Amino acid sequence: MNGTWKDLFTFNKRERNGIVVLTFLISVTALIQLAVPLFVPKYENPNPTEDKLLLALIKEDSILRVEKRKEIQGTKILNSKKKFASEKKIRSDSKELRLVWNPIHFDPNTKDFSVWENFGLSSKQAESIKKYVNSGAEFKVKRDVNKLFVINDDLFRKMEPFILLPDSLSKNSYSKYAERKITAPSNTRVFAIDSMWIELNTTDTAELKKLRGIGSYYARQIIWYRDKLGGFHSVNQLYEIERMRPETVQKIRSFVWVDSSMVKKFQINSSTAPEMVKHPYITWNMAITIQDYRDFTKKFKRTHQLVDLGLLNEEIYSKLAPYLAVSYTHLRAHETPEHL
């Protein structure tokens with residue numbers, strides 16, 4: 001800092017030229033900004049009321065749009081309420097149509113028609129069955145239930161194990177056929193009248209071989225499978241026999257019947273897994289699951305708990321039901337047995 005303050009205002013030739021050019025540009029820019037408004041035309045509204053009218057229309061349109069939106073929203077809310085009320089009524093009207101699968105063993109000829117609701121039927125459907133029975137109709141065999149209008153084939157297959165009726169009538173029930181004479185060529189096997197109606201749970205191989213289409217092999221297989229099951233509860237179980245031809249069963253089913261009271265049941269509160277797994281319908285996983293739940297959680301009060309608890313599915317249970325029983329002696333003191 002050897003210079004004086006005068007050195008601050010001393011410029012060389014290049015610096016002076018730069019200051020001149022910068023001052024010129026600033027001046028030109030200022031003049032342009034002042035001159036531009038002079039060349040831009042001014043538009044005046046010849047009719048100011050028109051603007052007011054336009055604003056009024058815009059405002060009115062906005063109000064109409066808001067009111068229209070509110071009306072639409074109100075209509076939607078009203079429709080939603082009506083729809084909800086309608087659905088609520090439908091749910092209320094169809095309450096008794098809800099399927100409630102809680103099957104029990106029953107005689108379809110009983111006057112307690114509420115038992116039909118345990119198989120998913122509504123009270124109206126049960127009432128139609130009541131009218132049918134009161135008209136004098138009678139169920140003699142299981143298949144008669146399938147004749148009801150409200151019972152379809154799928155439902156009948158599920159109900160069949162719980163129906164306390166025979167699959168077919170016994171020999172005594174068909175005594176009117178005893179007087180019928182059967183004639184056939186000497187080289188054709190015929191059915192002897194005395195052995196025409198064979199009860200599958202008490203018969204032997206010699207009697208079975210009297211049936212057309214049943215030889216020694218099929219006779220042994222029927223007896224073997226019967227012993228494995230603990231007795232037949234339905235003639236349809238013959239279809240389950242290994243290598244048994246459906247056409248053979250069709251030939252003999254009109255000449256055989258089963259006494260379901262002969263079926264041997266096992267106690268799900270006391271049978272061990274090795275004992276249960278001997279049954280053809282039970283796998284080892286099913287048996288050990290039933291045993292573990294019973295031993296480590298609590299005893300069963302009714303057989304359908306196997307389905308309610310997810311231990312068996314409904315299809316397996318329907319097949320097994322005639323072979324299941326609850327041993328009440330194995331329930332704890334505070335536990336009350338329920339209907340099977």
Side-chain angles (χ1 to χ4, degrees), residues 105-109 137-148 151 153-265 279-281 318-323:
H105 293 86
F106 78 110
D107 182 352
N109 293 304
E138 182 182 1
F139 301 100
K140 296 181 179 180
V141 294
K142 292 181 178 181
R143 181 58 60 177
D144 290 342
V145 174
N146 198 27
K147 297 177 182 178
L148 292 170
I151 305 295
D153 292 339
D154 291 337
L155 180 57
F156 174 72
R157 282 193 292 269
K158 293 181 179 180
M159 293 177 62
E160 187 177 7
F162 303 95
I163 301 175
L164 299 178
L165 289 176
D167 285 286
S168 57
L169 296 179
S170 64
K171 177 176 65 177
N172 293 333
S173 301
Y174 287 95
S175 58
K176 62 181 180 179
Y177 295 109
E179 298 177 359
R180 181 184 299 175
K181 295 182 180 180
I182 298 180
T183 59
S186 57
N187 59 347
T188 303
R189 181 189 294 183
V190 298
F191 298 102
I193 290 296
D194 292 338
S195 61
M196 189 172 182
W197 310 106
I198 296 176
E199 201 286 307
L200 292 177
N201 286 328
T202 54
T203 189
D204 55 20
T205 55
E207 192 172 19
L208 285 172
K209 286 192 289 185
K210 295 178 182 179
L211 298 171
R212 181 176 298 139
I214 301 298
S216 297
Y217 173 78
Y218 279 148
R220 289 195 303 269
Q221 286 295 99
I222 292 173
I223 299 300
W224 176 85
Y225 194 60
R226 179 190 68 188
D227 295 341
K228 288 281 290 184
L229 288 170
F232 295 109
H233 70 81
S234 170
V235 174
N236 290 335
Q237 289 177 288
L238 294 176
Y239 289 107
E240 301 170 7
I241 297 175
E242 186 177 1
R243 297 175 64 181
M244 175 68 77
R245 292 192 296 266
E247 54 270 25
T248 301
V249 178
Q250 290 294 329
K251 289 179 182 179
I252 69 172
R253 66 174 300 129
S254 299
F255 304 98
V256 296
W257 66 289
V258 295
D259 182 358
S260 56
S261 64
M262 303 289 292
V263 171
K264 297 178 182 178
K265 302 187 177 185
H279 197 281
Y281 296 160
S318 297
K319 295 174 63 177
L320 264 176
Y323 302 98

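Heavy atoms only: backbone and side chains are in, while hydrogens, waters and symmetry mates are out. Quick caveat, the model's predicted, so the values are computed rather than measured.
In this structure, Lys228 NZ and Trp224 CH2 are separated by 5.0 Å, a value rounded to the nearest 0.5 Å. Note that CD of Gln221 is 8.0 Å distant from CZ of Arg243, once rounded to the nearest 0.5 Å. Once rounded to the nearest 0.5 Å, the distance linking CD1 of Ile214 with NZ of Lys209 reads 11.5 Å. Taken to the nearest 0.5 Å, the CG atom of Asn201 stands 9.0 Å off from the CH2 atom of Trp257. How far CD1 of Ile163 is from CZ of Phe139: 8.5 Å, rounded to the nearest 0.5 Å. The CG atom of Leu211 lies 4.0 Å from the CD1 atom of Ile198; values are rounded to the nearest 0.5 Å.
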Only distances under 3.5 Å count here; give the side-chain donor-acceptor pairs of residues 229-236 to other protein atoms, sequence neighbours excluded, each with its distance to 0.1 Å.
residue, atom, partner, partner atom, Å
Ser234, OG, Glu160, OE2, 3.2
Ser234, OG, Asp167, OD1, 3.3
Ser234, OG, Asn236, N, 3.1
Asn236, OD1, Arg253, NH1, 2.9
Asn236, OD1, Arg253, NH2, 3.2
Asn236, ND2, Glu160, OE2, 3.3

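Remark: Arg220 is not positioned above the aromatic ring of Tyr225, lacking an NZ or CZ atom under 6.0 angstrom from the ring centre and at most 45 degrees off the axis.
Nearest heavy atom pair, residue Lys140 against residue Asp144, reads N-OD2, 2.9 Å.
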**Request:** Go through the steps for Val249 and Ile241 under the test side-chain contact (heavy atoms from CB on, under 4.5 Å), then give the verdict.
**Result:** CA-CA 10 Å; Val249 178; Ile241 297 175; over 6 Å; no
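A distance-only check finds no donor-acceptor pair linking the side chain of Arg212 to the backbone of Ile252 [under 3.5 Å]. In terms of modelled atom types and a separation under 3.5 Å, the side chain of Tyr218 and the main chain of Thr248 share no donor-acceptor contact.
With sequence neighbours excluded, no residue forms a side-chain contact (heavy atoms from CB on, under 4.5 Å) with Lys264. Qualifying side-chain contact (heavy atoms from CB on, under 4.5 Å) partners for Asp227, counting only residues two or more places apart in sequence or in other chains: Ile223. Every residue meeting the salt bridge (Lys or Arg N to Asp or Glu O under 4.0 Å) condition with Glu247, not counting sequence neighbours, appears here in chain and number order: Arg245. Shown here are the salt bridge (Lys or Arg N to Asp or Glu O under 4.0 Å) partners of Asp259, two or more places apart in sequence or in another chain: there are none. Every residue meeting the side-chain hydrogen bond (donor to acceptor under 3.5 Å, both in side chains) condition with Tyr281, not counting sequence neighbours, appears here in chain and number order: Gln237, Glu240.
Using a 4.5 Å heavy-atom threshold, the side chains of Thr203 and Arg226 count as touching. The shortest distance between side-chain heavy atoms of Lys319 and Pro161 does not fall below 4.5 Å. Residues His279 and Tyr323 have side chains in contact (heavy-atom distance under 4.5 Å, counting atoms from C-beta outward).
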